[in-house]
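Notes to accompany the following structure.
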Amino acid sequence: MSDRKPVYGPDDWHADLARELGAPGVFPYTRGVHPTMYRGKLWTMRQYAGFGTAEETNARFRHLLAAGQTGLSVAFDLPTQMGYDSDHPMAEGEVGRAGVAIDTVDDLARLFDGIPLDRVSTSMTINATAAVLLAMYVVVGEEHGVGRSKLQGTVQNDILKEFIARGTYIYPIEPSLRLATDVCRFVTIEGMSFNPISVSGYHMREAGATAAQELAFTFANGLEYVRRAVAAGLDVDQFAPRLSFFFAAFTDLFEEIAKFRAARRLWARLMKQNFHANDSACRLRFHTQTGGSTLTAQQPKNNVVRVAIQALAAVLGGTQSLHTNAYDEALALPTEQSATLALRTQQILAHETGVPETVDPAGGSWYVEALTDRVERDARALLEEIERAGGAARAVERGLFQEAIARSAYAQQRAIESGESVVVGVNEYADDQTIPSVPGPDYQALAAAQCTRVAEIRGKRETGNVKRALGALERAARDPAPPLIEPMLDAVRARATVGEISDVLRAVWGVYRPTQ
């Protein structure tokens, strides 16, 4: 926001500020979703991790849990995200690179070996194949004596933002939305302590969206999901309290604090206005990750400071869950040392700063309240444009989100290159030090081992059971009415692979081809 004033005072407060703010834990939740916030319970410290094989990732999970992490967050490799098995030609060169490779439910079982699924909350960053991975997680629980009602966590399942900013989509928009909605149905009717969608502004912010765009585009997608779920027969007051959101925390401290406060207020009002939802269904709960695109390969230790500031913004803004990036992530996968330091950043914030002792400590600041009003107003204006255009699904088809983010990203890059926007160590206070190189794993050997594992599973399973289960899934996919998760569960139990299940749906629904 380039038009911020040098000084703010009482005249910058909204005329009916008391109504705008309310109390913590009370609609419209500007000051937080719980009356006592962190005095009652600290945010979940959930570090994101995924390394090539299930065994390597399991080792990192165990290390982080031992270091005090309170929730798991899984990164999957691109073939898993795109519905290809590790031995598929499209997976060549990508197996295990962006996260852990999961081909069958046995891979997922190895990933969580020795980790108590009934006591640890697990977040899975997966979208196009979210239903498959959720089915696998349920089956892992079944086979280890942990019932569905005891599983805790979040499956991202936000396919619209994949079309907008991230690109790991498979099927066309409408069947993709059907699949996402069916995850909501399954989690709701099964009474799972699982968030069926994490509506994600993070990736749009990383792609270049402004703070106001991040909120507007996220909430446009959120409204689309709620409408689809209601149309499918779900009670908004039953499923909406399980919706979660995912935002970025960047380094502009006060704008980020204001963004999170404005987000709660705006979502509460949207749910009340559009769906007459009860107060519980209007409560916005969100996970935050510090800004990956703000990390610099130049002078990488500066990123420790950036991450600390961004984490502070998230906590002052009232996040329910937080991931802090490791300082070396602009260079390679984080080391055990740097990942531990990222976790320690949260622990210092929680236990040494005193920040969690008071609810909404930034509230009442003339500056913060003015920024909160401004972000909400700008985001609502953008959101109303999308709604007039027919909602999020139609806006994606027309490329409205994509064009707006591209323009914003271009303006931000121009500001950096011109020096108008200072990035310490990059366009100011730079030095002639070379960017350090970090050796990576032997991905070729990793891929070969994973392909061998897939072949072994195919050789041991009962082929007839696999064919019957995949046939049932195909019939369900061809008919617009039947549920999809239940036949998917049967396919997973029969040891069908991620790729085989995805191929059934590809054959029925086709794949998405961007028109823009």
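Side-chain atoms are counted along with the backbone in the values below, which use heavy atoms only and exclude waters and symmetry mates.
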Item checked: Qualifying residue, where the test is salt bridge (Lys or Arg N to Asp or Glu O under 4.0 Å) with Glu387 and the options are Arg394, Arg227, Arg380 -> Arg227

So for atom [atom1], which belongs to [X], do other residues, nucleotides or ligands contribute more than 12 heavy atoms lying within a distance under 6.0 Å?
X	atom1	answer
Lys5	NZ	yes
Arg62	CZ	yes
Phe254	CZ	no
Gln337	CD	no

Next item on the list: Pick out which of Val199, Val396, Leu383, Ile405 makes a side-chain contact (heavy atoms from CB on, under 4.5 Å) with Phe217.
Entry: Ile405

Taking side chain as C-beta onward, heavy atoms only, is [X] less than 4.5 Å from [Y]?
X	Y	result
Ile309	Glu256	no
Ser293	Phe250	yes
Ile115	Thr122	no
Gln347	Met45	yes

Next item on the list: Mind telling me whether Phe246 and His287 have parallel, tilted or perpendicular rings, with 30° and 60° as the class edges?
Entry: tilted

Without hydrogens or angle criteria, can the side chains of [X] and [Y] be said to hold a donor-acceptor pair below 3.5 Å?
X	Y	value
Gln412	Ser408	yes
Arg306	Thr296	yes
Ser198	Gln156	no
Gln81	Arg166	yes
Thr324	Gln47	yes
Ser123	Arg46	no

Next item on the list: Determine, step by step, whether Asp378 and Arg374 satisfy the salt bridge (Lys or Arg N to Asp or Glu O under 4.0 Å) criterion, reporting the C-alpha distance in whole Å, the side-chain angles of both residues, the deciding distance to 0.1 Å, and the verdict.
Entry: CA-CA 6 Å; Asp378 290 351; Arg374 171 69 180 276; 2.9 Å; yes

Does [X] use its side chain to pair, donor to acceptor, with the backbone of [Y] at less than 3.5 Å?
X	Y	result
Glu224	Ala393	yes
Asn303	Tyr327	yes
Asn325	Thr290	yes
Glu162	Thr168	yes
Gln320	Gly318	yes

Next item on the list: Assess whether salt bridge (Lys or Arg N to Asp or Glu O under 4.0 Å) is satisfied between Arg264 and Asp360, documenting all intermediate values.
Entry: CA-CA 13 Å; Arg264 276 192 296 273; Asp360 189 30; 5.4 Å; no

Next item on the list: Give, for atom CG of Leu322 and atom CG of Leu343, the distance between the pair rounded to the nearest 0.5 Å.
Entry: 10.0 Å

Check: Atom CG of Leu312 and atom OG1 of Thr345: how far apart are they, to the nearest 0.5 Å?
Finding: 11.5 Å

Next item on the list: Apply the test salt bridge (Lys or Arg N to Asp or Glu O under 4.0 Å) to residues Arg228 and Glu174: give CA-CA distance (whole Å), side-chain angles for both, the deciding distance (0.1 Å), then the verdict.
Entry: CA-CA 10 Å; Arg228 300 287 175 139; Glu174 287 302 320; 2.6 Å; yes

Next item on the list: Let me know which of Phe247, Phe245, Tyr202, Tyr29 forms a ring pair (Phe, Tyr, Trp, His ring centres under 6.0 Å) with Phe286.
Entry: Phe247

Next item on the list: Begin with the C-alpha distance, continue with both residues' side-chain angles, and end with the deciding distance and a verdict on salt bridge (Lys or Arg N to Asp or Glu O under 4.0 Å) for Arg414 and Glu420.
Entry: CA-CA 8 Å; Arg414 284 288 301 270; Glu420 177 186 350; over 6 Å; no

Checklist line | Pair listing, ring pair (Phe, Tyr, Trp, His ring centres under 6.0 Å) test, anchored in residues 57-78, at least two apart | finding: none

